[in-house]
Number of protein chains: 2
Amino acid sequence: MKTEKKRRLEAAGWRETTVRELLNLSTADVEYIEMKLVLSRRLRDARKRRRLTQIRAAALLNTSQSRLARMEAGDPSVSLDLLVRGLLALGVSSRDLLKAA
Amino acid sequence: MKTEKKRRLEAAGWRETTVRELLNLSTADVEYIEMKLVLSRRLRDARKRRRLTQIRAAALLNTSQSRLARMEAGDPSVSLDLLVRGLLALGVSSRDLLKAA
DNA sequence: GCATACTATGCCAGAATTGATATAACCGCA
DNA sequence: TGCGGTTATATCAATTCTGGCATAGTATGC
């Protein structure tokens with residue numbers, strides 16, 4: 001069981017921790033990152049629902065296929081701004097933006 | 001009444017239009033702008049509810065008083081990212097982010 | 001196999017955003 | 001009126017984001 005494993009590790013000089021603690025992220029940081037991931041998934045869904053390739057969708061968003069690929073991949077080089085504008089351009093209403101993943 | 005005014009204006013060579021049309025903004029553009037305005041208002045509210053000055057709140061967000069002033073003013077030089085991270089840092093949950101103005 | 005269509009990744013110059021500093025404007029209050 | 005506290009505006013160097021090109025990877029049909 002988990003606590004037993006933890007005890008053994010600590011006895012051996014290890015300390016169990018979370019990625020969040022390891023990287024020193026505040027809960028706000030984590031929420032921000034998760035939000036971007038949710039939006040990136042929604043973006044891919046929105047595009048597929050419209051049966052668009054990345055190239056055609058990228059044209060609608062005035063960007064390139066390569067950037068759209070990164071947007072959908074949740075790449076850190078993509079801002080919330082870009083994700084939100086992408087979703088709005090694909091017709092997802094602002095009220096629905098954050099609904100479920 | 002409105003249609004009468006419009007008729008007169010058109011007869012005089014004018015054309016009634018909206019700011020949106022004038023600036024050639026898509027509805028997605030408008031939604032994006034309004035979203036930022038909503039968030040900027042919520043940010044000010046969140047700060048006031050906690051009875052913080054801009055200086056103290058800015059410290060929590062790792063930014064300066066001047067930028068926070070712009071964030072609350074809905075200045076175009078402020079990204080959605082910054083607004084969202086600000087709200088999260090003030091404890092507004094991501095689920096509540098877009099609720100009502 | 002090998003095309004063809006689609007998506008992912010490396011890269012970078014140009015553009016936009018950021019934190020910071022300085023300073024101005026506003027608002028009670030003595 | 002002048003003062004202390006708060007918020008707004010101007011400006012800018014440094015950082016971050018963006019579009020786009022090139023190319024690599026992946027899947028499907030022949």
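In the text below, chain A, chain B and the rest are named by the order of the sequence lines, each starting its count at 1. We use all heavy atoms of the structure for the numbers below, so side chains are in, but hydrogens, waters and symmetry mates are not. Just so it is clear, the structure is predicted and the values come from calculations on it, not from any experiment.
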Using a heavy-atom cut-off of 4.0 Å across all strands, would you classify [X] as base, sugar-phosphate, or nothing?
| X | result |
| --- | --- |
| R44(B) | sugar-phosphate |
| S64(B) | base |
| L68(A) | nothing |
| N62(A) | sugar-phosphate |
| T63(A) | sugar-phosphate |
| R47(B) | sugar-phosphate |

Rounded off to whole Å, could you give me the [atom1]-to-[atom2] distance for the [X] and [N] pair?
| X | N | atom1 | atom2 | result |
| --- | --- | --- | --- | --- |
| L83(B) | dT17(C) | CG | C1' | 12 Å |
| R67(B) | dT11(D) | CZ | P | 15 Å |
| D75(A) | dG19(D) | CG | C1' | 14 Å |
| R85(A) | dA15(C) | CZ | C1' | 12 Å |
| Y32(A) | dT16(D) | OH | P | 12 Å |
| L80(A) | dT17(C) | CG | C1' | 14 Å |
| Q65(B) | dT18(C) | CD | P | 16 Å |
| I55(A) | dT4(C) | CD1 | P | 15 Å |

Using modelled atom types only, decide if a donor and an acceptor are shared between the side chain of [X] and the backbone of [Y] within a distance under 3.5 Å.
| X | Y | result |
| --- | --- | --- |
| K36(B) | L83(B) | no |
| R50(B) | L90(B) | yes |
| D45(A) | R42(A) | no |

Apply the test side chain to side chain contact (heavy atoms under 4.5 Å, CB included) to residues R56(A) and L60(A): give CA-CA distance (whole Å), side-chain angles for both, the deciding distance (0.1 Å), then the verdict.
CA-CA 7 Å; R56(A) 293 174 64 67; L60(A) 293 178; over 6 Å; no
E72(A) side chain, from C-beta outward: closest of dT18(D), dT9(D), dA8(C)
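Closest nucleotide to the E72(A) side chain: dA8(C).
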If you check every side-chain atom of S66(B), which of dT18(C), dT18(D), dA10(D) has the closest atom?
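Side chain of S66(B) sits closest to dA10(D).
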Regarding dT18(C), can its base be found pairing with the side chain of S79(B) as donor and acceptor, where the two atoms are less than 3.5 Å apart?
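Counting by modelled atom types and ignoring angles, no donor-acceptor contact under 3.5 Å is found here.
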Nearest heavy atom decides the nucleotide; on that basis, is L52(B) or R70(B) closer to the 5' end of DNA chain D?
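Result of the comparison: L52(B).
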Can you check side chain to side chain contact (heavy atoms under 4.5 Å, CB included) on R67(A) and L61(A), steps first, answer last?
CA-CA 10 Å; R67(A) 182 134 306 272; L61(A) 316 192; over 6 Å; no
